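Beneath this line is the structure, given in structure tokens, with notes to follow.
So you know, we letter chains A, B, ... as the sequences are listed, proteins then strands, and number each from 1. The model shown is predicted, which means the values in this text are computed figures rather than measured ones.
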Number of protein chains: 2
Amino acid sequence: MQKEVTIYDIAKQLQLSPATVSRALNDHPAINSNTKTIITSKALEMGYRSNMFASNLRRQRTNTIGVIVPRLDSAFMSTVLAGMEKVVNESNYNLIISQSLESIKKEVTNAKTMFDSRVDGLLVSLSSDTENLDHFNAFFRKGIPLILFDRVVQQKNCTNIVIDNLKAGYDATIHLIEQGCKRIMHVSGSLKRNVYADRLKGYRLALLEHGLPGGDELERSTNLTRQDGLDIAAYIKRMPTPPDGLFVSSDFCAVSCMGALKQSGFSIPNDIAVVGFNNDPVSLVIDPTLTTIHYPGQEMGEIAAQSLINHLNGLLRLSATNTILLNYDLIVRGSSQRVKLA
Amino acid sequence: MQKEVTIYDIAKQLQLSPATVSRALNDHPAINSNTKTIITSKALEMGYRSNMFASNLRRQRTNTIGVIVPRLDSAFMSTVLAGMEKVVNESNYNLIISQSLESIKKEVTNAKTMFDSRVDGLLVSLSSDTENLDHFNAFFRKGIPLILFDRVVQQKNCTNIVIDNLKAGYDATIHLIEQGCKRIMHVSGSLKRNVYADRLKGYRLALLEHGLPGGDELERSTNLTRQDGLDIAAYIKRMPTPPDGLFVSSDFCAVSCMGALKQSGFSIPNDIAVVGFNNDPVSLVIDPTLTTIHYPGQEMGEIAAQSLINHLNGLLRLSATNTILLNYDLIVRGSSQRVKLA
DNA sequence: CTGAAAGCGCTTACAG
DNA sequence: CTGAAAGCGCTTACAG
């Protein structure tokens, strides 16, 4: 365990003061550029690495950003985190990542851990259980910025980064209507979460505009698990008049439901046309491939992290009512395509 | 932005020295237990939280553990990380997580970032590209412990936590043989990685023991992507004598391959029986459901983190040749079950 | 453009 | 069982 090189060691070797070395290493404008060159090359030669802890202690900030997500095991979240890592590394920040596993209890614990780690800022996507942001009050009180992404809640002090889920739900439903569906069912997740509540609203709006039937019988709120997909298929089978269109707020659940529907003798897309959400790789594995809504995870991660860092560096004032909307695409595949192209 | 409470503030209020407060808060044995009670309750009352940076600076350790994984977007990795988080939180450590996205280049960058963050120890599962552990030399030189899990490489200084992949590959193949398969194909991943190389060896051993045909035509090394699954299906279709059994080292790839095989008219399991690996949720979504090898991610994560922390706390000497083997299970499902139960 | 000095908030060897 | 004092490695207001 060799001894660490400090700025004092560099200073001694170069007959300079530690203050000058510190400034040079931080690219302070007042330092002679020649001196800078000498110092940085000496630092490199001696294998110097800055002691973050001393620096953080002195500066009273940590250069660390906390991330809390519901789960890590989706392709979407993985690309979001890749985007965040990219930005954060370039900006000399660090990332602490934790998952709430869709439980408010774990989210509260995670928030506490993040607080005790004194993160400079927080990037959060809410668990399906979460009712409010009370567990982040300690952050608000200290003025630590919080950015919500994807699963958000409107609140002053919080920037939100989302897609227009209402419009996306509307578009998905309109697509089914265009394929000739007259009786469209929607399977959503926890309606506490904007992503599911808004998609449901979009679905309702589209039905309303086209005078199509809706209501309780055609709206199911679930946890979007595999089992929920099977249950929905069983439910559909029992219906006196089954739907001819199905919009599910998650690809994984949609795929499991499709499997069960096929086994029950439904033909897809002709008996029931199906649209999912998220463009998960699983959407390409099923036969027919699943129509879905795609939105850019990498970009969402980059924008969230960059906004937070800009705010921390004073380059951007996160205003109270700031919402950043990203684009999405409807990707039409076999599960919904009845109208053949010319 | 209210001022932070320090041990000096507590000391002043209680007419004690900061040294005593520090010791009490760290549960030092020399401190009167009555004094401890007074101090801890005062600390709580005043909203004290320890300043990690001052403490780390003084102690010369960070209480931070780094994790580098190939990808975050698998159910398996998500549970591994949940296990690590659990142990780490209980032990008052912090976790820094990063993904290499299967690229040695990114893995090198991640290692450097971890080194500069002065992690006390490292938990790593290697990217498919990685040739050796040279990029961890800085850690070895400083005596920073490194534990490899799942995707490992034999090297002194490194504890490995794995399942017996050779035996698992053997078991998977034997299962196919027991179902009557006479011509079994194996699709593996990068043979630089133990997990894939060992499963291949197990497959070969099983064939050898039963005098079944093997060789180049029946062994494919791929990246185990969806596209690879489709390519394998196309390859099988073109074979003069297609296999009647298929063992794929990844559920996701197996499922995509099954889909394409079914479309080409193969009946599963009767024409081709299929076994995957990892017990990914996707294995339950396909029809028929996929036979697979399950192994415990949560436990692997917990053991990896606990071993590292025990080592750091001097409770366990990680010996040079330490390998910890976990159990696994063969889960038989429809994709391979030809022999009906009585 | 460079330096001397104080201080960030802890921990711990030494002393009593 | 408790305290005084030094020091971990930086940064920065102040001075020149």
May I have the distance from [X] (atom [atom1]) to [N] (atom [atom2]), rounded to whole angstrom?
X: His28(A); N: dT12(D); atom1: NE2; atom2: P; value: 9 Å
X: Leu25(A); N: dT12(D); atom1: CG; atom2: C1'; value: 15 Å
X: Asn51(B); N: dG9(D); atom1: CG; atom2: C1'; value: 14 Å
X: Asn26(A); N: dC10(D); atom1: CG; atom2: C1'; value: 9 Å
X: Lys12(A); N: dA4(C); atom1: NZ; atom2: P; value: 14 Å
X: Leu57(B); N: dC10(C); atom1: CG; atom2: P; value: 12 Å
X: Asn63(B); N: dC10(C); atom1: CG; atom2: C1'; value: 13 Å
X: Phe53(A); N: dG7(C); atom1: CZ; atom2: C1'; value: 19 Å

Item to check | Rounded P spacing from dG9(C) to dA13(C) in Å | outcome: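 Approximately 23 Å lies between the P atom of dG9(C) and that of dA13(C).
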Checklist entry - Using atom P of each nucleotide, how far apart are dC1(C) and dA5(C) to the nearest Å? => result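 Going atom to atom, P in each nucleotide, I get 24 Å.
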Side-chain N or O of [X] closer than 4.0 Å to phosphate OP1/OP2 of [N]:
X: Gln60(A); N: dG9(C); answer: yes
X: Tyr8(A); N: dA4(C); answer: no
X: Ser17(A); N: dA4(C); answer: no

Item to check | Between Tyr48(A) and Asp9(A): side-chain donor-acceptor atoms closer than 3.5 Å | outcome: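 The answer is no; no qualifying pair exists.
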Next on the checklist: Whether Glu102(A) and Arg71(A) form a salt bridge (side-chain N of Lys/Arg under 4.0 Å from carboxylate O of Asp/Glu) is what I want to check.
Outcome noted: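 Glu102(A) and Arg71(A): not salt-bridged.
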Next on the checklist: Any carboxylate oxygen within less than 4.0 angstrom of a Lys/Arg side-chain nitrogen, looking at Lys106(A) and Glu85(B)?
Outcome noted: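 Looking at Glu85(B) together with Lys106(A), the answer is yes, because their closest N to O distance falls below 4.0 Å.
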Next on the checklist: Please pick, from dC1(D), dA5(D), dC10(D), the nucleotide with the shortest atom-to-atom distance to any side-chain atom of Ala54(A).
Outcome noted: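 Nearest listed nucleotide: dC10(D).
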Item to check | Proximity to the side chain of Thr6(A) - top-ranked nucleotide from dG9(D), dT2(C), dA4(D) | outcome: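 Nearest to the side chain of Thr6(A) among the choices is dG9(D).
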Checklist entry - Counting only Watson-Crick or G-U wobble pairs whose two distances fall under 3.5 Å, which nucleotide matches dG16(C)? => result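 Base partner found: dC1(D).
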Checklist entry - Between Phe76(B) and Tyr295(B), is the ring centre distance below 6.0 Å? => result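 Yes, they do, as the ring centres are separated by less than 6.0 Å.
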Checklist entry - Start at the 5' end of DNA chain D and walk down; is the nucleotide closest to Arg59(A) or to Ile31(B) reached first? => result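 Upstream on the strand: Ile31(B).
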Item to check | DNA chain D: 5'-proximal contact among Ile7(A) and Thr35(B) (nearest heavy atom) | outcome: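 Residue closer to the 5' terminus by nearest nucleotide: Thr35(B).
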Item to check | Quiz item: Arg23(A) side-chain donor-acceptor pair to dG3(C) base, under 3.5 Å | outcome: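 In this structure, the two groups form a donor-acceptor pair.
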Checklist entry - Got Lys192(A) and Ser128(A) here, is their nearest side-chain heavy-atom distance under 4.5 Å? => result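 No. Closest side-chain heavy atoms not under 4.5 Å.
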Checklist entry - Is Ser22(B) touching bases, backbone alone, or none of the nucleic acid, heavy atoms closer than 4.0 Å? => result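 Since a base atom lies under 4.0 Å of Ser22(B), the category is base.
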